[in-house]
Amino acid sequence: MTTTTWLDLPADSPFGVHNLPYGVFTAPDWPGRRIGVRIGEQVLDAGAAARAVGSPSELLDLLAAETLNPLMAAGRSTWQSVRAALTEWLTDPAHRAAVEPCLLDLADVRLHLPFEVADYADFYASEHHATNLGKIFRPGSEPLTPNWKHLPIGYHGRSGTIVVSGTPVTRPHGQRKAPADPAPSFGPSRRLDIEAEVAFVVGTPSAMGTPVALADFAEHVFGVCLLNDWSARDIQAWEYVPLGPFLGKSFATSVSPWVVPLEALQHARVTPPARDVEPLPYLDDRDAEPWGLDLAIEVALNGRTISRPPFASMYWTAAQQLAHLTANGASLRTGDLYASGTVSGPEPDTRGALIELTWNGEHPLKFPDGTTRTFLEDGDEVSISATAPGPGGLRVGFGEVTGQIVG
């Protein structure tokens, strides 16, 4: 594909025409929500551009919607044709006069949750993360549970508390009981944490009773965004046996406002790490097209980088997660969102959660100004960003997902 545009963009922009992520925005001149496509530090009003170039009504209806759901539901062939049209509008000088007035400065728009979330599931796909937590909570025992290398472990979350980047996160209240406490107490979480994750947005639905095969991953997943699955570790520790995460997770989950199309990540695809347990046939991707992704993630706390987790190290891929999610016949809906689980690498500075970075609070993070952190304090702001390889040495940008803790 061409990466040359008539816009005045830096040659190495991670938001060039090789990317074209989708979002939803409002602007001061018109309060209605509109689909936007990021290009450099500008946002293309996609519906207005479609009208300006005289697009067919089918394309116009999809891009003039107030949410990405109609486009997502239209299927992969439509995603490809819409992406081709957007690329043509932004690269062919013949379209410049019509399209240029449809560009707005990114700083002048407000970004919103880009799609209506249907169901939400969160996985636990990093062997490094799972091993670290096993060592913390089960010292002297095998860190991984017996099922971990046989299936992608996950849980269903709460879609109604998924919020867009920049939304304040209220410190949750719940029951807490430390090991030495005689009884539980109720109050604000004292061990509020982050989880740096990558999330996958389902476009094409599936029929109930029909599993989605590994090979059909790209037919169903529209795109990728960043996610912070905020976690109240003290609430979670008391409640999770025997059924798993509940109030310690459901209070807020933040996502980035830009959905990077799967088509923009072809150069980021890599073979996942070698697996030492043979997967069951429905999860066996050894002879399949690889769906590991080489994303470079950066986690910052109050403006200071605290971790750089590598997504390429994830044991289970998004394709395997989707196959497992539907293996029992569960159906997919447009707007389903499923997340990778915390992304952590093998080194201490590549861990994607404070519980690992501080080893459950035993080794606080120390900052140059003399402050320390074990878990999040009120007023703290966390930002997670990422890029991936693109064509010709370019990078594909994801933007960032941010959130500030309020009491």
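For reference, positions follow the sequence shown, starting with 1.
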Counting only pairs under 3.5 Å, give me each side-chain donor-acceptor contact of residues 215-225, with atom names and distances, residues two or more places apart or in other chains.
| unit_1 | atom_1 | unit_2 | atom_2 | d |
| --- | --- | --- | --- | --- |
| Glu219 | OE2 | Arg76 | NH1 | 3.0 |
| His220 | ND1 | Thr204 | O | 2.9 |

Flag, side chain of Ser159 to backbone of Ala118, donor-acceptor distance under 3.5 Å | yes
Have Asp193 and Ser231 got a donor and an acceptor in their side chains that come within less than 3.5 Å?
-> no
Donor + acceptor pair across side chains of Thr26, Arg33 (<3.5 Å) | no
How long is the span from the CG atom in Asn69 to the OG1 atom in Thr334, to the nearest 0.5 Å?
-> 7.0 Å
What orientation do Tyr282 and His324 show, parallel under 30°, tilted 30 to 60°, or perpendicular over 60°?
-> parallel
Without swapping roles, check the side chain of Asn302 against the backbone of Glu381 for a donor-acceptor pair under 3.5 Å.
-> yes
Step through the shown structure and confirm whether more than 12 heavy atoms of other residues, nucleotides or ligands are within 6.0 Å of CZ on Arg275.
-> yes
Basic-acidic side-chain contact under 4.0 Å: Glu195, Arg233 | yes
Ser206 (side chain) donor-acceptor with Leu332 (main chain) under 3.5 angstrom = yes
Kindly compute the distance separating CD1 (Ile39) from CG (Leu9), expressed to the nearest 0.5 Å.
-> 5.0 Å
Working to the nearest 0.5 Å, report the span between CD of Glu298 and OG1 of Thr305.
-> 3.5 Å
Do you see a donor-acceptor pair shorter than 3.5 Å between the side chains of Ser165 and Ser254?
-> no
Check ring-ring contact (aromatic ring centres under 6.0 Å, His included) between Tyr315 and all other residues, then give those that pass, not counting sequence neighbours.
-> Trp148
Criterion side chain to side chain contact (heavy atoms under 4.5 Å, CB included) on Val24 and Val164, from CA distance to verdict | CA-CA 11 Å; Val24 167; Val164 74; over 6 Å; no
Verify the distance criterion only: is there a donor paired with an acceptor across the side chains of Asn360 and Arg191 at less than 3.5 Å?
-> yes
Is there a donor in the side chain of Ser250 and an acceptor in the side chain of Arg158, or the other way round, less than 3.5 Å apart?
-> no
Distance under 6.0 Å and angle within 45° of the ring axis: does Arg304 meet both against Phe367?
-> no
Decide whether Glu239 and Gln175 meet the rule of one side-chain donor and one side-chain acceptor closer than 3.5 Å.
-> no
Taking it one step at a time, do Asp229 and Lys249 satisfy salt bridge (charged side-chain N to carboxylate O under 4.0 Å, His left out)?
-> CA-CA 7 Å; Asp229 193 28; Lys249 292 279 195 177; 3.5 Å; yes
Under the 3.5 angstrom rule, does the side chain of Asp336 hit a backbone N or O of Tyr338 as a donor-acceptor pair?
-> no
Distance-only, no hydrogens or angles: does the Asn228 side chain make a donor-acceptor pair with backbone N or O of Ala196 under 3.5 Å?
-> no
With under 30° as parallel and over 60° as perpendicular, where do the rings of Tyr155 and Tyr120 fit, or are they tilted in between?
-> perpendicular
Residue pairs, two or more places apart or on separate chains, that pass side chain to side chain donor-acceptor pair (under 3.5 Å) and touch residues 45-57 = Arg34-Asp45
Nearest 0.5 Å, what's the OG1-CE distance between Thr67 and Met72?
-> 7.0 Å
More than 12 heavy atoms of other residues, nucleotides or ligands under 6.0 Å from CD of Glu142: is that the case?
-> no
Checking Asn19 side chain against Gly16 main chain: does a donor-acceptor pair fall under 3.5 Å?
-> no
Candidates Val198, Ile384, Leu337 - the one meeting side chain to side chain contact (heavy atoms under 4.5 Å, CB included) with Leu227 = Leu337
